[in-house]
Amino acid sequence: RGRDPHAGASPPARRLRSAGLIPLAAQLAIYLLFGFGEMLSGDLSGAAHLLPATVTVLFGVLAWRRPLDGGIALLASAALSAIPHIRNGLATPEEGLLSPAFLIIVAPQLLAGALFLAAGLLSRRPAGTAAAAGM
């Protein structure tokens with residue numbers, strides 16, 4: 001419960017946490033662009049894009065407050081989201097994993113999850129270990 005007391009314990013961990021927000025912010029911007037763009041053009045089904053945008057915000061808040069738990073949750077979500085894209089990529093190899101849907105849905109969560117997980121692990125290291133590693 002609450003914020004992880006180790007979150008941001010070292011400068012590299014703080015930088016990794018900040019960097020982890022960048023792919024999530026890009027993903028959120030795309031969801032909001034699609035959602036509001038469709039709704040403003042008269043297609044109210046664009047509101048369906050606001051649900052994944054809300055989930056992205058919740059993942060971002062969790063990962064910011066608890067980088068280790070948030071990183072694991074983001075990686076698990078990306079792995080589950082990747083299953084249909086991988087299956088589709090095997091069926092149509094010409095598109096593969098560079099499909100726009102994969103790059104919008106899965107890639108930002110993978111990158112953010114890895115950054116937050118690294119920040120969570122790095123912030124749990126003893127203080128002397130980070131200095132000895134040259135960070």
Does the side chain of [Y] come within less than 4.5 Å of [X]'s, by heavy atoms?
X: L75; Y: F116; result: no
X: I22; Y: L111; result: no
X: P67; Y: L117; result: no
X: H49; Y: L33; result: no

> Linking Ile, Leu, Val, Met, Phe, Trp and Tyr by side-chain heavy atoms under 4.5 Å, what else ends up with L80?
Replying inline: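 Joined to L80, directly or through intermediates: I83.
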
Can you name the closest pair of heavy atoms from [X] and [Y] and give their distance?
X: L50; Y: M39; answer: CD1-CE, 3.9 Å
X: P23; Y: G20; answer: CD-O, 3.4 Å
X: F59; Y: A73; answer: CE2-CB, 3.8 Å

With rounding to the nearest 0.5 Å, note down the distance linking [atom1] in [X] to [atom2] in [Y].
X: L115; Y: L21; atom1: CG; atom2: CG; value: 9.5 Å
X: L40; Y: E38; atom1: CG; atom2: CD; value: 10.5 Å
X: Q109; Y: I104; atom1: CD; atom2: CD1; value: 12.5 Å

>> Which residues pass the side chain to side chain donor-acceptor pair (under 3.5 Å) test with S41, not counting sequence neighbours?
In response: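 Side chain to side chain donor-acceptor pair (under 3.5 Å) list for S41, sorted by chain: empty.
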
>> So, using side chain to side chain donor-acceptor pair (under 3.5 Å) as the criterion, who are the partners of S81 when residues are at least two apart?
In response: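 Listed in chain order: nothing, the list is empty.
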
